[in-house]
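This report concerns only the one structure given below.
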Amino acid sequence: MKYDFKAIEKKWQQKWEDEHTFSAKQDFSLPKFYALVEFPYPSGQGLHVGHPRSYTALDIVARKKRLDGYNVLYPMGWDAFGLPTENFAMKNHIHPEIVTKNNVARFKSQLKSLGLSFDWDREINTTDPSYYKWTQWIFLQLYKKGLAYKKEMNVNWCTGCKVVLANEEVVNGTCERCHSPVVHKVKSQWMLRITAYADRLIDDLDTVNFIDRVTTQQKNWIGRSHGAEVTFGTTEGDEMIVYTTRPDTLFGVTYMVIAPEHKFVDKWADKISNIDEVRAYRDAAAHKSDFERTELAKEKTGVRLDGVMAINPVNGKQIPIFVSDYVLASYGTGAIMAVPGHDQRDYDFAKVFGLPIIEVVAGGDITKEAFTDCATGVMVNSGFLTGMSVDDAKVAITEWLEKEGKGVKKTNFKLRDWVFSRQRYWGEPIPMVYCEKCGWQPIPESELPLKLPEISDYEPGPEGESPLARHTDWVNTTCPCCGGPAKRETDTMPQWAGSSWYFLRYCDPHNDEALASPEALKYWMPVDWYNGGMEHTTLHLLYSRFWHKFLYDIGVVPTAEPYAKRTSHGMILGENGEKMSKSRGNVVNPDDIVDQYGADTMRLYEMFIGDFEKAAPWSSSSIKGCKRFLERVFDLSEKLIDGDGYRPQLETSFHKAIKKVSEDILQLKMNTAIATLMSLLNEIDDAKGITRGEYRTFLVLLNPFAPHITEELWEMAGFEGQIAQTSWPTYDESKCKDAQIEMVVQISGKLRGRFVADANIDKEAAIAAAKAVEGIAAQIEGKTIVKEIYVPGKLVNLVVR
RNA sequence: GCCGCUAUGGUGGAAUUGGCAGACACAAGGGACUUAAAAUCCCUCGGAAGAAAUUCCGUACCGGUUCGACCCCGGUUAGCGGCACCA
């Protein structure tokens, strides 16, 4: 009989849909397992072959966990707000809602064609008002706790999308989406105080099981550093506060630098004799885009503030002050103490301006470069610190500063607050109104959801205002506080809003009293296993951890962390080893693969392609091997012989295979799990025929990988019910070992022979057997055996001299 | 520049974490079946020498530790990812 994958896959997909086979059960007394993959943005291009790599891997985990008896939640939904949809809508004059609906329909049918065991009863969509009601609700809670605030600030402005970007969305000074240059603009924006959670976002990483590269990347992004704030005096009497991680080098300070935007430039304008030059420098720096700033980075520039001096608190010395754009206004205090002997940037600057360089930590050669090593240096030329190690000096000087009232211990972060406003239509409206009398006011929770108005012109205004601003009948409202006239906020939330809590909604997706019931959250949370792309490590993953911690603090969710475990898949590259893209012409369409080879082959191939965590190039010939394997599996249906158990010659292989496949699935080593099943099939073929007992085990083991064909063969063989309702096979550890093993004989570490022995042979017997192996005796003849090494189950090594 | 990761046949990749390098596949070559092709089945397949048994070399490069190193240590090179004047 021929393997008709099209008919088989259609049949089983229909059955799963009709019978809701994979819906999570409402019984909260069962052991639970919550598997999660990142819900996609339903783009116009349809599914990419990269999507199924992640979805199939956790589908395999979910299917196996079900057979292990867990109540599994494996949900799917749509992260559907966002710019590409809006741009498409503008170009083609179709409402974004319609565009979204069409794209979702396409994605959904594509996902279904892959036989993924999602719980479609819990499908969610971030653009659904019944969903974004709760996104808005969370925003209001953040506002009430002072974690959402409006601020005039210098923001990243994408010249292409005409929209403000979060720091996380700026890549090399360009927009991560459209790659247009990003410039700075002062705008009034809603901000979320993620920095209030910076410490916990780092510290709590120790309580979860994330792969290392995710943990380190999040730590680097948050960028925590420990140091001190030191107060310098000035000849103007103003105090100048700087942040440093090296207070131990205070005696080596020879000048100071402030950011061009620092407030003292204007405050001291009268006293600075070259103020015109200083202002010209500041204006030039302001006009540079981020891109230009990074491009031109290397050569240090700056202007000295003539007529003003700073005073070093440790020795009272007067030192000059400069402005330079290598000091950032947005980090620390926007001012630094410069220690050219022990900081390479200060060193470079000092060389350009001919400033003195003092050595205060011995161990390097400061005539060549700054000496920045903290571990080995010893303090010199540093008053009471002289002779101490760097670490001791840090402690000593910080204590001194605090005692003298000239400084405090301080921790700083690179992380900035999250810019939360977008000047666009297709996003959640921010539920705030502005009243001339009362200022910004939240709308009452009873008015949620605040729906987007129906409009037809989505173009941003000339100054980058939101398209909503033109719709005065929506904008004009009354103040919830005083009842007077007020205006709605016309900016919308960024795409990251809806995805920051979606995993909570899956727990109880139809609840209209709360974002999810406490019982459902208590049962399902945390997510047991979350797989997704590395590109979301500093965006979605960080944002959603922040929101979750906030919701934990206000008692809405029961856990401090949303995800117990996080893994990440590698990219699938084009056949030429490059990233798949339309312009490179190397895009593989999953629909074509499913059509040509079937979903089971596609799933199997994407899992067999290589190490799950690494990038792997697509190969249109390798996929044939997977198809061939499934065809051979299908042929087993005609080779059935009587017998419920494993035949003796296959028993060990079956027990080993069950063990290996079980373990590999939980380590995402799908490639070796599949290789094990391929080897097992080779052995079965050698053994001529397959017993019903063997067949049964084989089909269940293969089922998570290739669910359609295995269910069909199961039914054809007349086994009871469906595999989806049976249980995972068990193995006996004692039967995983062969009775007879081949052992290796080495002489001085070189392979010289082999012998077959009983698996539990003891050391003496093994060594004796090794010496008896043909040819070994001749090689040890006349030499002294200085050492005999026996590795059970592996080898005997005779070290001779 | 800093942080992290990677390097194994013609290709994708295995190797129980210090114990037989190359599992499982793909490609290639040879053969069987066929009028022929496709499909399928069988054989070969890291390099060198040899008729063969077998021997030597071989996991980016140089060195070290060890009875024994793809694996551990020191150094170098190349590639990928992240950050990038964060004081």
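Labels below follow one simple rule: chain letters A, B, ... track the order of the sequence lines, proteins then strands, and each chain is numbered from 1.
- No side-chain heavy atom of A:F353 sits less than 4.5 Å from a side-chain heavy atom of A:P320.
- The A:E631 side chain lies nearest to B:rU40 when the options are B:rU40, B:rC85, B:rA15.
- The side chain of A:W221 sits closest to B:rC83 out of B:rG13, B:rA87, B:rC83.
- Counting any heavy atom pair closer than 4.0 Å across all strands shown, A:F608 reaches a base atom.
- Taking 4.5 Å as the limit, some side-chain heavy atom of A:M743 sits within range of a side-chain heavy atom of A:Y790.
- Under the Watson-Crick or G-U wobble criterion, with both distances below 3.5 Å, B:rG81 is paired with B:rC3.
- Residue A:D343 has its side chain nearest to B:rA87 when only B:rC85, B:rA87, B:rC26 are considered.
- By the 30° and 60° cut-offs, the orientation of the rings of A:Y255 relative to A:F349 is parallel.
- Residue A:R752 contributes atom CZ, which lies 15 Å from atom P of B:rC20 at whole-angstrom precision.
- The ring of A:F654 has its center no closer than 6.0 angstrom to the ring center of A:Y731.
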Using ring pair (Phe, Tyr, Trp, His ring centres under 6.0 Å), reason through A:W221 and A:F413 one step at a time and then give a plain yes or no. CA-CA 9 Å; A:W221 185 263; A:F413 300 93; over 10 Å; no
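- Here A:A338 lies out of heavy-atom contact (under 4.0 Å) with every strand.
- Heavy atoms of A:T216 sit nowhere under 4.0 angstrom from any nucleic acid atom.
- Under the Watson-Crick or G-U wobble criterion, with both distances below 3.5 Å, B:rG29 is paired with B:rC43.
- For B:rU16, the base has a donor-acceptor partner in the side chain of A:K794 [N/O atoms by modelled type, under 3.5 angstrom].
- Taking the side chain as every heavy atom from C-beta outward, A:W618 and A:I623 approach each other to under 4.5 Å.
- Proximity note for A:V744 (side chain, C-beta onward) versus B:rA87, B:rG19, B:rC20: the nearest is B:rC20.
- Residue contacts shown for A:D212 are absent, as no nucleic acid heavy atom lies under 4.0 Å away.
- Between A:T676 and B:rA23 there is no side-chain polar atom (N or O) within less than 4.0 angstrom of OP1 or OP2.
- With B:rA87, B:rG13, B:rC20 as the choices, the nucleotide that has an atom nearest any side-chain atom of A:L751 turns out to be B:rC20.
- In summary, the side chains of A:D346 and A:Y326 do present a donor paired with an acceptor at a separation below 3.5 Å, with no hydrogens or angles considered.
- Because its glycosidic torsion is more than 90° from 0, B:rG68 is reported here as anti.
- Out of B:rC20, B:rC56, B:rA15, the shortest distance to the side chain of A:T672 is found at B:rA15.
- Distance CE (A:M670) to P (B:rA14): 14 Å, rounded to an integer number of Å.
- Rounded to whole Å, atom P of B:rU40 lies 11 Å from atom CZ of A:R632.
- Contact annotation: side chain of A:Q746 to base of B:rG19, donor-acceptor pair present below 3.5 Å.
- With rounding to whole Å, A:L541 atom CG is found 16 Å from B:rG81 atom C1'.
- The shortest non-hydrogen separation linking A:V49 to A:E606 is O-OE2, 2.9 Å.
- Computed from coordinates, the A:Y331 OH to B:rA84 P distance equals 13 Å when rounded to whole Å.
- Atom P of nucleotide B:rC3 and atom CZ of A:R224 are separated by 19 Å, given to the nearest angstrom.
- The phosphate of B:rC26 has OP1 or OP2 within less than 4.0 Å of a side-chain N or O from A:R628.
- Remark: A:K750 is in phosphate contact with B:rC57, judged by side-chain N or O atoms under 4.0 Å from OP1 or OP2.
- Pair assignment for B:rA15 gives none, since no Watson-Crick or G-U wobble pairing has each distance under 3.5 Å.
- One interatomic measurement links the two molecules: OH of A:Y731 to C1' of B:rU16, which rounds to 13 Å at whole-angstrom precision.
- In this structure, A:L795 reaches the bases: a heavy-atom distance under 4.0 Å links it to at least one base atom across the strands shown.
- Mapping A:M678 and A:T333 onto RNA chain B by nearest heavy atom places A:M678 at the nucleotide closer to the 5' end.
- Between the base of B:rC5 and the side chain of A:K614 there is no donor-acceptor pair shorter than 3.5 Å.
- The listed nucleotides are B:rA87, B:rG4, B:rG19; the one nearest the side chain of A:I336 is B:rA87.
- Within the 4.0 angstrom heavy-atom criterion, no nucleotide atom of any strand lies near A:E788.
- Within 4.0 Å (heavy atoms only), A:S619 reaches no atom of the nucleic acid at all.
- Comparing the same atom, P, in B:rC71 and in B:rU66 gives a spacing of 16 Å after rounding to whole Å.
- No side-chain donor from either of A:T249 and A:H342 sits under 3.5 Å from a side-chain acceptor of the other.
- Backbone-only engagement by A:S225 is indicated by non-hydrogen atom pairs under 4.0 Å involving sugar-phosphate atoms exclusively.
- Glycosidic torsion of B:rU17 falls within 90° of 0, placing the base in syn.
- Nearest nucleotide to the A:N682 side chain, out of B:rA27, B:rC24, B:rG19: B:rC24.
- Both A:Q217 and A:G625 lie near RNA chain B, and the one whose nearest nucleotide falls closer to the 5' end is A:G625.
- For the pair A:M571 CE and B:rG82 P, the computed distance is 8 Å after rounding to whole Å.
- Here A:K624 does not reach the OP1 or OP2 of B:rA38: none of its side-chain N or O atoms lies under 4.0 Å away.
- Here A:K579 lies out of heavy-atom contact (under 4.0 Å) with every strand.
- Between A:N671 and B:rA25 there is no side-chain polar atom (N or O) within less than 4.0 angstrom of OP1 or OP2.
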